[in-house]
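Let me begin by presenting the structure, written as structure tokens, before commenting on it.
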Number of protein chains: 2
Amino acid sequence: MTKGTLFTVCAPSGAGKTSLVNALVASLDNLTVSVSHTTRQPRPGEKNGVNYHFVTEDDFIHMLTCNLFLEHAQVYDHYYGTSQRWLLEHLHTGTDVILEIDWQGAQQVRRLKPDTVTIFILPPSREVLERRLRSRGKDSEAVIAQRLQAAVDDISHYVEFDYLVVNDDFSQAVKDLQAIVHSQRLTQLAHAPKLEKLLTDLLS
Amino acid sequence: MTKGTLFTVCAPSGAGKTSLVNALVASLDNLTVSVSHTTRQPRPGEKNGVNYHFVTEDDFIHMLTCNLFLEHAQVYDHYYGTSQRWLLEHLHTGTDVILEIDWQGAQQVRRLKPDTVTIFILPPSREVLERRLRSRGKDSEAVIAQRLQAAVDDISHYVEFDYLVVNDDFSQAVKDLQAIVHSQRLTQLAHAPKLEKLLTDLLS
């Protein structure tokens, strides 16, 4: 049976992950970004089921208790999680799914779905990383130092990932991601089921 | 330390392997085809050290006795083999090497170099396969049937390979091979050593 691949993509803040993933998804067929459940309020323009599945805290806790999440995290006062059912429904149609999460989430995913293909995106230098973290607003030096330290802590987990992509030249980084998805579709596991007819014809 | 990857590429006769590999090697830097040792005579235009390392039967047997081959095969009256030393010298410079061999050779390579990335190339249909095997000359039906059966036997080993590429549209098949090599260079194992400076800078 044809089945999609789950790609888990991680990066420190300031690595440009979301722009890269959006460009990747726009450039390939049969590839989508996972839609998480969250307890936070929709921001203007955000649509339920498109940007997030917006749920109440009670519903979220209920799903959590029933082990319905592949991974989840609490960020400040809000919960975020990836529904196993949503994910499996998409993978079973043969669609590849990208999960944009942090390294803690990636560890949870690896435990429950060891066949996930994991990618870590790196900034091209500490200087660029710092510049990107600074340009987010007019924060104090202390806040920026804290943010930089958090990014460095995140980066130290790069060794846990299957692939490393450096976001130096944006279009090159997109090509790198495309090559990873493209080659994954050619693996025995992903490709043989799609070639069932051809293989039967050749071996008859 | 930067180290190249060994790609082992197999296909039945008539799948168009050599043309694909030549186009792939011409399209990418740092990628070369392995130069085998052989006891057969050079054909017009063939150069020692470029097309093959031409050696005497005594020399070949001596190398074989000393376990100097990663894989070897006897085809009719001639020996062919891949020297471990030649291969390691190239891989240690960071060059990726392609080994074009049959599935028996691939089994030998996997035993000695389990980190080899293996690719099987398939023809797009039995009809095309038969046409390609026919167009090689004016052979009898019996010879063609024998050749087709040999190809089918080869194809039955596709399950032993990491990647499957169908040579239907030639340029698409070249792109498939490029994606496999490209993504392999982004794996943790291949990429992290090349990123040593960046990682030190980011984590300092």
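- Closest approach of A/K175 and B/H182 over heavy atoms only: O-CE1, 3.7 Å.
- The shortest non-hydrogen separation linking A/L203 to B/V152 is CD2-O, 3.6 Å.
- Within a 6.0 Å sphere centred on CG of B/D115, heavy atoms belonging to other residues, nucleotides or ligands number more than 12.
- The contact between B/D176 and chain A is made by backbone and side chain atoms together, counting heavy-atom distances below 4.5 Å.
- Counting only residues at least two apart or in different chains, ring pair (Phe, Tyr, Trp, His ring centres under 6.0 Å) contacts with residues 149-176 of chain B comprise B/W103-B/H157, B/F120-B/F161.
- Residue B/P123 touches chain A through both its backbone and its side chain, counting heavy-atom pairs closer than 4.5 Å.
- Residues A/S183 and B/A179 share a closest heavy-atom pair of CB-O, 3.7 Å.
- Of all the heavy atoms in B/Q188 and A/E160, the pair that sits closest is NE2-N, 4.4 Å.
- Crowding of A/Q149 atom CD: a count of heavy atoms from other residues, nucleotides or ligands under 6.0 Å exceeding 12.
- Proximity to chain B (any heavy atom under 4.5 Å) is shown, for A/V159, by both the backbone and the side chain.
- Side-chain N or O atoms of B/H191 include one that pairs as donor or acceptor with a backbone N or O of A/L164 at under 3.5 Å.
- By the 6.0 Å contact criterion, CZ on A/R85 is open, its count of non-hydrogen atoms from other residues, nucleotides or ligands being 12 or less.
- Under a cut-off of 6.0 angstrom, the local environment of CD in A/Q146 is sparse, with at most 12 non-hydrogen atoms contributed by other residues, nucleotides or ligands.
- There is no contact between A/L148 and chain B, counting heavy-atom distances below 4.5 Å.
- The contact between A/L202 and chain B is made by backbone and side chain atoms together, counting heavy-atom distances below 4.5 Å.
- The closest side-chain heavy-atom distance from A/L199 to B/L122 is below 4.5 Å.
- Listed options A/V181, A/L129, A/V166 were ranked by heavy-atom pairs under 4.5 angstrom with chain B; first place goes to A/V166.
- Interface remark: B/I119 contributes no atoms to any contact with chain A (heavy atom separation under 4.5 Å).
- With a threshold of 4.5 angstrom between heavy atoms, A/L198 approaches chain B through side-chain atoms but not through N, CA, C or O.
- In this structure, B/D162 and A/T187 have side chains that are not in contact, with every pair of non-hydrogen atoms separated by 4.5 Å or more.
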